[in-house]
S.K.: 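Okay, handing you the structure first.
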Amino acid sequence: MESGSNGAEPTSWEELYNINLIPSELFFKFRKEIEGMRVGVNLEFYNAPINEFQAKFVLKPLSPEKKWKFIYEPIHQDIRILSKKIPVTKFLNLQV
């Protein structure tokens, strides 16, 4: 039985295994409550396969009867208004 693409046996453990200890994603979230609203900044760093950075500004009311969230992404100039997650089943939530 041959191992490897050319039939040669690996000569060291480094050729058999590749261990990468650098995380592929990092998330930092900063929150502040101001007059019944939660204001937040999300910083997302993606290392693999390419280095990418995303920033998001989040505005969300704290009262339980308000069921929305406002998200602005300045890099992509994207604005989203999301509903609160509505439970459909035990393992499935709906968000519009």
Side-chain angles (χ1 to χ4, degrees):
M1 179 172 9
E2 295 183 15
S3 71
S5 61
N6 60 2
E9 292 290 328
T11 58
S12 66
W13 284 101
E14 287 82 19
E15 291 180 12
L16 290 173
Y17 298 99
N18 182 11
I19 299 173
N20 186 359
L21 298 178
I22 299 173
S24 61
E25 300 174 349
L26 291 173
F27 299 101
F28 295 102
K29 295 183 179 186
F30 302 96
R31 302 282 182 261
K32 180 72 176 175
E33 294 180 9
I34 301 172
E35 296 183 18
M37 301 292 277
R38 179 177 289 154
V39 179
V41 176
N42 298 353
L43 302 175
E44 302 173 1
F45 299 92
Y46 301 98
N47 291 333
I50 58 171
N51 290 335
E52 186 179 341
F53 167 76
Q54 277 189 336
K56 295 179 183 178
F57 297 102
V58 179
L59 182 65
K60 178 179 175 182
L62 291 175
S63 63
E65 64 270 2
K66 306 275 182 161
K67 299 184 183 222
W68 58 271
K69 177 172 39 173
F70 174 83
I71 300 173
Y72 172 63
E73 296 181 29
I75 294 173
H76 301 290
Q77 297 180 348
D78 186 27
I79 296 175
R80 291 184 280 164
I81 298 177
L82 301 173
S83 71
K84 185 176 179 180
K85 293 179 183 171
I86 302 164
V88 177
T89 66
K90 185 177 179 180
F91 300 105
L92 179 65
N93 292 326
L94 176 65
Q95 189 172 34
V96 181

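All of these numbers come straight from a predicted model, not from anything done at the bench.
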S.K.: Quick one, E25 with E44, criterion side-chain contact (heavy atoms from CB on, under 4.5 Å). Give me CA distance, side-chain angles, the key distance, then yes/no.
M.R.: CA-CA 7 Å; E25 300 174 349; E44 302 173 1; over 6 Å; no
S.K.: Looking at every heavy atom in both M37 and P61, which two are closest together, and how far apart are they?
M.R.: SD-CA, 3.7 Å
S.K.: Quick check: is I79 connected to I71 through a chain of hydrophobic side chains (ILVMFWY, heavy atoms under 4.5 Å apart)?
M.R.: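 I71 does not cluster with I79.
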S.K.: Taking only residues two or more places apart in sequence, or in another chain, which ones meet R31 in a side-chain contact (heavy atoms from CB on, under 4.5 Å)?
M.R.: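 For R31, the residues satisfying side-chain contact (heavy atoms from CB on, under 4.5 Å) (neighbours in sequence not counted) are K29, R38, N42.
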S.K.: Answer yes or no: does atom CD of Q77 have more than 12 heavy-atom neighbours from other residues, nucleotides or ligands under 6.0 Å?
M.R.: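 Counting other residues, nucleotides and ligands, CD of Q77 stays at 12 neighbours or fewer.
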S.K.: Mind checking whether Y72 and V58 have side chains closer than 4.5 Å, heavy atoms only?
M.R.: no
S.K.: Is there a side-chain contact between I81 and K69, using heavy atoms and a 4.5 Å cut-off?
M.R.: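 Side chain of I81 against side chain of K69, heavy atoms only: no contact under 4.5 Å found.
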S.K.: Of all heavy-atom pairs between A55 and P74, which one has the smallest distance, and what is that distance?
M.R.: O-CD, 3.4 Å
S.K.: Working note: L43 + F30, criterion side-chain contact (heavy atoms from CB on, under 4.5 Å); need CA distance, chi angles, decisive distance, verdict.
M.R.: CA-CA 9 Å; L43 302 175; F30 302 96; 3.9 Å; yes
S.K.: Looking at K56, I'd like to know if its NZ atom is crowded, meaning that more than 12 non-hydrogen atoms belonging to other residues, nucleotides or ligands lie closer than 6.0 Å.
M.R.: yes
S.K.: Roughly how far, to the nearest 0.5 Å, is the CZ atom of F53 from the CG atom of N47?
M.R.: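 One gets 12.5 Å once the value is rounded to the nearest 0.5 Å.
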S.K.: Looking at every heavy atom in both P87 and N93, which two are closest together, and how far apart are they?
M.R.: CA-OD1, 3.3 Å
